[in-house]
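Predicted, not measured: the structure shown is a model, and the values here were computed from it. First the proteins, then the strands, lettered A, B, ... as listed; each starts at 1. Keep in mind that the numbers below use all heavy atoms, side chains included, and drop hydrogens, waters and symmetry copies.
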Amino acid sequence: MEATGKTVAQAEKYLIPDTQNADITLTYDSDACKKYIDAHPEVPEQSYIYMTLGKRFGEELLNFNGLVLHSSAVEYENNAYLFSADSGTGKSTHTGLWRQCFSDARIINDDKPALRLEDGKFYVYGTPWSGSTPMNINVRVPLKAICFIERAEKNSIERITDNSEIIQLFLTQTLRRVGNDRAERLFELLDTLIRSIPFYKLHCLPDEDAAKLAYEVMSK
Amino acid sequence: MKIKDCFILRNIAGINTIISTDSTSSFDGMITLNDTGVFMWNILKNGATKDDLVNAVISEYDIDTETASADIDAFLDKLASVDVFE
């Protein structure tokens, strides 16, 4: 990666010495960058580059049987659980509570983990793009379940059985405007994903009971 | 009427799903269609007049012209409202 500053700092644990044989090369348009920074002086250039390259990564990954889901991914007992929702709903709070309840739980990526289909199974990967925190680890963990969370007055969880609802919820948390070819890949992956792993909806308070409930049901 | 090229339709786990894949449409949501909707969508993808569509529907389905015409009007209005047509 030629990018400096934030992107490289976050990517440190992922760097390998061989830069000649990259599967994916991420670039950004410096004119577009300059234009954006001029219009938004409150955004540091490094942040713009970091976000732009993260988006490119999500687009390119679609050519490799993978996609990025806006979610917080927690690993426990070698299973990855993804909690997805709009920003500010409480995804990170919830996975943080998993770490409080289960000392061996780890955050794979707190904002945009990668999912990839390999030999018929989905795996979750850490990436350098983990939002505003550097919480990500360079691991690959089998995906166990995906859960959409909503704030509520009490904790409850249910399996989502309506595929139309799953698709709607999922598509709002992943890149869609990726061109026809990549969108076809996205739809294929989503089709396989829905057929292979369970989707849940969690209504929750930001408390440990929510984490314990989610684990109890999703780990089955 | 012709559907913009930026739209794709695919069946995902039993649900006929449509999105716009770039910003040539302002629509940023998703559309789901039943089988009749898919039938009509595929005709409109290649470009068709309302009459073409009515004729195709009454040939394919056991339904009278008036009902087909009314249903098609509703369908076309819905699509037009989310920036589907060129």
* Asked: Contact part of B:Thr32 toward chain A, heavy-atom cut-off under 4.5 Å: side chain, backbone, both or neither?
  -> side chain
* **Atom group of B:Thr24 that falls short of 4.5 Å from chain A, counting heavy atoms** => neither
In terms of the angle between their ring planes, are [X] and [Y] parallel, tilted or perpendicular, with boundaries placed at 30° and 60°?
| X | Y | result |
| --- | --- | --- |
| A:Trp98 | A:His94 | perpendicular |
| A:Phe170 | A:Phe199 | perpendicular |
| B:Phe7 | B:Phe27 | parallel |

Given a strict heavy-atom distance threshold of 4.5 Å, which part of [X] is in contact with chain B: side chain, backbone, both, or neither?
| X | result |
| --- | --- |
| A:Ile167 | both |
| A:Arg195 | side chain |
| A:Leu190 | both |

* To do: Using a strict cut-off of less than 4.0 Å between a Lys/Arg side-chain nitrogen and an Asp/Glu carboxylate oxygen, indicate whether A:Lys144 and A:Glu77 qualify as a salt bridge.
  =>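 Looking at A:Lys144 and A:Glu77, the cut-off is not met.
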* Asked: Taking side chain as C-beta onward, heavy atoms only, is A:Phe122 less than 4.5 Å from A:Ile146?
  ->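 A side-chain contact is absent here, since even the closest heavy-atom pair is not under 4.5 Å.
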